[in-house]
A.B. asks: 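Next up is a structure, given as structure tokens.
All values derive from a computational prediction rather than experimental measurement.
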Amino acid sequence: MKLLYGTTNKSKITFMQKRVSHRGIEIVSLTDIRAPQMHIEENGNSPLDNAKIKALAYYKALKTPLFSCDSGLYIEGLDEARQPGINVRGIGDYMSDDDAIAHYSALAKEMGGKMTARYKNAICLILDEGQIFEYMGEDIASAPFYLVSTPHKKRNIGFPLDSLSVHIESGEYYFDREYSEKYEEIDNGFAKFFSEKLKLERKFA
């Protein structure tokens with residue numbers, strides 16, 4: 001089945017497709033359906049707030065089943081006031097990929113060359129006005145990983161911090177590993193979420 005993801009970010013589409021393709025789900029983007037451009041004010045206080053804000057806005061405009069996701073970055077040992085949280089790209093002036101790499105590289109250098117980080121992810125799936133499902137569980141959060149001060153030469157457009165992400169146990173950049181353990185638990189978490197909720201869709205069809 002096809003399922004619309006409320007995003008135009010190609011990296012996010014690829015990421016989610018890898019998580020759920022084995023469940024027979026094909027992820028479609030806003031670009032694929034030529035949806036009109038929308039500016040959505042993501043003014044929530046958590047990844048779950050913002051995921052729901054986006055999903056509701058897209059559903060209101062498109063009137064089709066869809067989902068949206070959001071994430072927050074949390075760094076061990078960093079003062080609460082400086083935690084990126086949902087503002088991974090900053091507040092006010094939106095950081096480009098290169099700016100984000102430079103910013104977090106400098107922050108890692110400030111903290112001794114590396115810092116332990118984790119993404120907390122959230123999802124909101126809307127099947128119709130009576131079936132709205134929200135989730136922000138540990139099984140869709142990333143495993144802890146290092147953000148380091150020296151960027152990898154590779155880039156993943158839309159996911160700039162992949163260039164700074166290092167596997168804790170091996171000390172290797174994730175770009176240099178055949179399989180990213182950072183996403184192993186996420187694979188199961190997202191797949192389980194969609195399997196459970198899309199069964200409800202068939203039940204009410």
Side-chain angles (χ1 to χ4, degrees), residues 1-35 38 40 42 44-74 85-86 88 117-145 156-159 161-162 165 167-168 174 177-205:
M1 68 168 296
K2 291 185 178 181
L3 187 60
L4 180 61
Y5 186 172
T7 186
T8 57
N9 186 314
K10 292 182 180 179
S11 293
K12 290 184 178 181
I13 292 292
T14 300
F15 172 90
M16 189 59 72
Q17 188 63 63
K18 288 179 179 178
R19 314 279 82 80
V20 302
S21 61
H22 65 291
R23 298 297 177 102
I25 300 172
E26 179 186 350
I27 302 298
V28 179
S29 75
L30 296 172
T31 303
D32 293 328
I33 67 167
R34 298 181 180 179
M38 293 177 57
I40 300 173
E42 298 177 36
N45 294 315
S46 71
L48 190 57
D49 287 345
N50 283 342
K52 188 172 183 179
I53 287 169
K54 289 185 287 187
L56 287 170
Y58 287 126
Y59 184 81
K60 182 177 180 180
L62 302 172
K63 299 299 183 183
T64 188
L66 56 79
F67 70 95
S68 286
C69 295
D70 204 71
S71 62
L73 178 65
Y74 301 88
I86 58 175
V88 179
R118 194 179 190 206
Y119 287 107
K120 294 183 180 179
N121 301 310
I123 183 169
C124 180
L125 170 67
I126 302 180
L127 302 180
D128 57 42
E129 292 181 1
Q131 297 184 88
I132 300 175
F133 305 102
E134 309 166 44
Y135 189 59
M136 189 176 162
E138 284 296 311
D139 58 345
I140 61 170
S142 78
F145 60 97
N156 186 5
I157 297 172
F159 282 167
L161 299 194
D162 283 0
S165 298
H167 183 248
I168 290 178
Y174 280 100
R177 298 179 65 80
E178 291 185 3
Y179 180 78
S180 173
E181 288 88 344
K182 185 170 64 169
Y183 299 131
E184 186 171 6
E185 189 173 3
I186 291 178
D187 288 354
N188 297 328
F190 277 117
K192 180 181 178 183
F193 174 85
F194 282 115
S195 292
E196 291 178 349
K197 305 314 177 189
L198 293 176
K199 284 179 183 177
L200 290 176
E201 180 187 34
R202 290 193 289 273
K203 178 180 177 181
F204 287 96

A.B. asks: Contact between L198 and L127 at the side-chain level, heavy atoms closer than 4.5 Å - yes or no?
C.D. replies: yes
A.B. asks: Find the distance between NZ (K192) and CD1 (I140) and round it off to the nearest 0.5 Å.
C.D. replies: 11.5 Å
A.B. asks: Mind checking whether N188 and D139 have side chains closer than 4.5 Å, heavy atoms only?
C.D. replies: no
A.B. asks: Classify the ring geometry between F193 and Y135 as parallel (under 30°), tilted (30 to 60°) or perpendicular (over 60°).
C.D. replies: parallel
A.B. asks: How close do M136 and N121 get, heavy atom to heavy atom, and via which atoms?
C.D. replies: CG-O, 3.2 Å
A.B. asks: Considering all heavy atoms of both residues, which atom of I132 and which atom of C124 are nearest to each other, and what is their separation?
C.D. replies: CG2-SG, 3.9 Å
A.B. asks: Compile the donor-acceptor pairs under 3.5 Å between side chains in residues 47-63 and protein atoms, sequence neighbours left out, one pair per line.
C.D. replies:
from : atom 1 : to   : atom 2 : distance (Å)
D49  : OD2    : N45  : N      : 2.9
D49  : OD2    : S46  : N      : 3.4
N50  : OD1    : G44  : N      : 2.8
K52  : NZ     : E134 : OE2    : 3.0
K54  : NZ     : C69  : O      : 2.7
K54  : NZ     : D70  : OD1    : 3.0

A.B. asks: List the residues meeting side chain to side chain donor-acceptor pair (under 3.5 Å) with S71, not counting sequence neighbours, and say none if there are none.
C.D. replies: none
A.B. asks: For residues L161 and S165, report the shortest heavy-atom separation together with the two atoms involved.
C.D. replies: O-OG, 2.7 Å
A.B. asks: For residues 3-17, tabulate all N or O donor-acceptor pairs below 3.5 Å that involve a side-chain atom, not counting sequence neighbours.
C.D. replies:
from : atom 1 : to   : atom 2 : distance (Å)
T7   : OG1    : N9   : N      : 3.0
N9   : OD1    : S11  : N      : 2.9
N9   : OD1    : K12  : N      : 3.1
S11  : OG     : N156 : OD1    : 3.0
S11  : OG     : I157 : O      : 2.1
T14  : OG1    : K10  : O      : 3.1
Q17  : OE1    : I27  : N      : 2.6
Q17  : NE2    : I25  : O      : 2.9

A.B. asks: So that I know where these two stand, are F145 and Y119 an aromatic pair - ring centroids less than 6.0 Å apart?
C.D. replies: yes
